[in-house]
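Positions are given from 1 along the sequence. For the numbers below, each heavy atom of this structure counts, side chains included, while hydrogens, waters and symmetry mates do not.
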Amino acid sequence: MALLLGFLFFCGVTDLIGSVSITTPEQIVQEAGGEIVHLPCMFTLSPEDQGPLDIEWLRLSGPNNEAIDHVVILYAADKIYSDFYQDLKGRVHFTSNDVVSGDASIKIRNVRPADSGTYQCKVKKAPGVAKTTVQLTVIDITGSVNITTPEQTVQEAQGETVHLPCIFTYVSKDQGPLDVEWLRLSGPNNEAIDHVVILYSADKIHDDVYPDLKGRVYFTSNDIRSGDASINITNVRLSDVGTYQCKVKTYPGIVNRNLQLAVTNILGSVSITTPEQTIQKARGETVHLPCMFTLIPEDRGPLFIDWIQLTGPQNEVVNRMFIVYLADKVYDNFYQDMKGRVYFTNNDVRSGDASINITNVQLSDAGTYQCGVSHDFGTAQRTIQLTVVG
C-alpha cells in the first residue's frame with residue numbers, strides 16, 4: 001500500500017471565465033518519493049458551453065508562477081497527448097477513462113523530488129475557461145535504501161524458470177522492519193497495482209497471495225535481509241507477461257524497481273496433453289505415470305524425452321534422471337534404485353505416448369516426476385506427483 005503523506009491546504013479560489021467551473025480548490029499536495037501522487041481537478045460544464053472540450057495540465061515557473069515551464073498532458077479533440085514533457089513521459093496519465101464526465105485529475109507514478117513544483121489544470125469549452133493550481137511537494141524518504149538492480153526487460157521461454165533480480169542495500173540507520181513486496185502492475189503506464197505477487201514481512205514469507213502464481217513463485221535467497229529480494233517464477237506462461245515491481249521498505253527508506261517480463265512461445269508444435277495430476281499407488285504395485293504428447297511435421301529435429309525426479313520446496317531442483325529416449329534408443333540405467341523397474345509403456349514412443357511404468361513401487365519412490373518432450377525448437381514439460389502408501 002502506498003505511503004500516503006498527502007494533505008490539503010486551501011488557499012484561494014479558481015479563476016472562472018464563462019460558465020465552466022472547476023470545483024477543486026487550489027491546494028498543496030505532499031507525497032513521498034517513489035509513490036503515485038494524485039493531482040485533483042474536478043470540473044462542471046453548463047449548457048452554454050458549446051465548444052470542444054480542451055484540458056491541459058501545465059507546469060509553471062517564476063516567482064509568481066507566471067511562466068509556463070512545460071506542457072504536461074493534454075486532452076483535445078477526444079485524444080490524449082502525454083508525451084510533451086520528457087521528464088514525465090510514461091509516468092503521467094489522467095485518472096479517469098472518461099475525462100468529459102468532469103474529472104480531469106491526473107496521477108504521476110514513481111514521483112521524484114524533481115517533480116516538485118506548481119501545476120496548473122486548465123479546462124476550456126467555449127465560451128467557458130477555468131483553471132486552478134496545485135502545489136506538489138515530493139519528500140525524498142528513500143533514505144539509505146537503494147536497489148542496485150537496474151530497470152530491465154527479462155525474457156524467458158515458456159515453460160522455463162524465469163529469474164527476476166532485485167538486489168538492494170541498506171544501512172543500520174534504517175531502523176524500521178524490513179518489508180519486501182513484489183507487485184504486478186497494469187494500466188497503460190503501469191500506474192495500477194494488478195496483484196500482489198509475493199511478500200516478505202516480519203521475517204515471514206507470504207507466497208500464496210496471487211492464485212495464478214501460487215506454488216510457482218519464491219524468493220531465491222534464504223536470507224532476504226542480506227540484500228537479495230530476487231524471485232523465481234517456475235513453469236512461466238504467456239499469461240505471466242507484464243510489468244513486475246520490487247519494492248523494498250525499511251523506515252524511513254523506501255525504494256522500488258520495475259522489471260518487464262517477456263515470455264517467448266518457443267514451445268513450437270510440441271504439446272503434452274496429459275494434465276498435471278497426483279497418482280497414488282500401494283507399495284509393491286506397478287504404477288503408471290502417463291505422458292501423452294502431440295507433434296506436427298514442423299518439428300523435424302530428433303525426438304528427445306526424459307523423465308526426471310524433482311526436489312526442493314518448489315520442485316526447482318533436478319534430483320535425478322532415470323529414463324531417457326534419444327535417437328530412437330532408450331536409456332534406463334541412470335538411477336540404480338530404479339534399474340530394471342522402469343520402462344516406457346509403448347514400444348513406439350514417437351507415436352505420442354511417453355508414459356512409463358514403475359514396477360514394485362517403493363515408499364522411497366514417492367515424489368514429483370517430470371516428463372519432458374523436446375523436438376527441434378519445440379519443448380514441453382508436465383509434472384506428476386506420485387504418492388506411495390505402505
Side-chain angles (χ1 to χ4, degrees), residues 1-32 34-60 65 68-85 87-112 115-138 183 185-194 243:
M1 181 179 292
L3 175 64
L4 181 62
L5 299 176
F7 69 92
L8 308 180
F9 178 73
F10 303 105
C11 55
V13 296
T14 56
D15 178 15
L16 299 177
I17 303 173
S19 51
V20 177
S21 174
I22 293 180
T23 57
T24 303
E26 295 189 349
Q27 55 192 271
I28 295 173
V29 175
Q30 184 171 291
E31 188 55 271
E35 299 295 340
I36 297 174
V37 67
H38 177 76
L39 303 186
C41 183
M42 306 299 294
F43 66 92
T44 59
L45 303 173
S46 74
E48 289 79 13
D49 299 312
Q50 297 295 327
L53 177 64
D54 291 334
I55 298 169
E56 58 182 12
W57 275 89
L58 309 171
R59 182 165 177 176
L60 306 180
N65 296 316
I68 297 174
D69 193 14
H70 293 283
V71 177
V72 174
I73 190 170
L74 286 179
Y75 174 88
D78 295 324
K79 291 185 179 180
I80 294 172
Y81 304 90
S82 60
D83 55 356
F84 290 96
Y85 184 23
D87 286 356
L88 288 179
K89 191 174 181 179
R91 295 194 295 127
V92 62
H93 63 96
F94 286 104
T95 57
S96 174
N97 293 325
D98 185 16
V99 178
V100 297
S101 65
D103 186 357
S105 307
I106 61 172
K107 284 187 178 180
I108 302 174
R109 67 178 183 87
N110 191 22
V111 71
R112 307 163 184 169
D115 297 330
S116 296
T118 302
Y119 293 78
Q120 181 185 84
C121 173
K122 181 181 289 187
V123 180
K124 297 181 286 184
K125 190 172 176 65
V129 179
K131 58 187 178 183
T132 189
T133 58
V134 179
Q135 183 72 33
L136 172 61
T137 302
V138 180
L183 309 171
L185 306 180
S186 64
N189 299 296
N190 298 316
E191 70 279 0
I193 296 174
D194 192 17
T243 302

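Shown here for His38 and Val29, the closest heavy-atom pair between the two residues is O-CG1, 3.9 Å. Across all their heavy atoms, Arg112 and Asp87 have their closest contact at NH1-O, 3.9 Å. Taking all atoms of both residues into account, the shortest heavy-atom contact from Cys41 to Ile22 is SG-CD1, 4.0 Å.
Atom CD1 of Ile108 and atom CG of Leu136 lie 6.0 Å apart (nearest 0.5 Å). Asp83 contributes atom CG, which lies 10.0 Å from atom OH of Tyr81 (distance to the nearest 0.5 angstrom). Of the inter-residue distances, the one linking Gln27 atom CD with Gln135 atom CD reads 11.0 Å to the nearest 0.5 angstrom. If you take CD on Glu26 and NZ on Lys131, they are separated by 9.5 Å, rounding to the nearest 0.5 Å. Interatomic distance, Thr95 OG1 to Ile106 CD1, rounded to the nearest 0.5 Å: 9.0 Å. Here OH of Tyr119 is found 9.0 Å from CG of Asp69. Values are rounded to the nearest 0.5 Å.
Formation of a donor-acceptor pair under 3.5 Å by the Trp57 side chain with backbone atoms of Leu39 is not found in this model. Without hydrogens or angle criteria, Thr118 side chain to Leu60 main chain gives no donor-acceptor distance under 3.5 Å.
Using a 4.5 Å heavy-atom threshold, the side chains of Asp54 and Tyr75 count as separate.
With hydrogens and angles left out, the side-chain atoms of Asp103 and Ser105 include a donor and acceptor closer than 3.5 Å. Judged purely by distance below 3.5 Å, without hydrogens or angles, the side chains of Thr133 and Gln120 never pair a donor atom with an acceptor atom.
More than 12 heavy atoms of other residues, nucleotides or ligands lie within 6.0 Å of CG in Asp98, so this atom counts as buried by the packing criterion.
Using a 30° and 60° split on the angle between ring planes, His70 and Tyr85 fall in the parallel class, below 30°.
A salt bridge links Asp115 with Arg91: the closest approach of a Lys/Arg side-chain nitrogen to an acidic carboxylate oxygen falls below 4.0 angstrom.
Take Arg59 and apply the salt bridge (Lys or Arg N to Asp or Glu O under 4.0 Å) test, not counting sequence neighbours, and it matches no residue.
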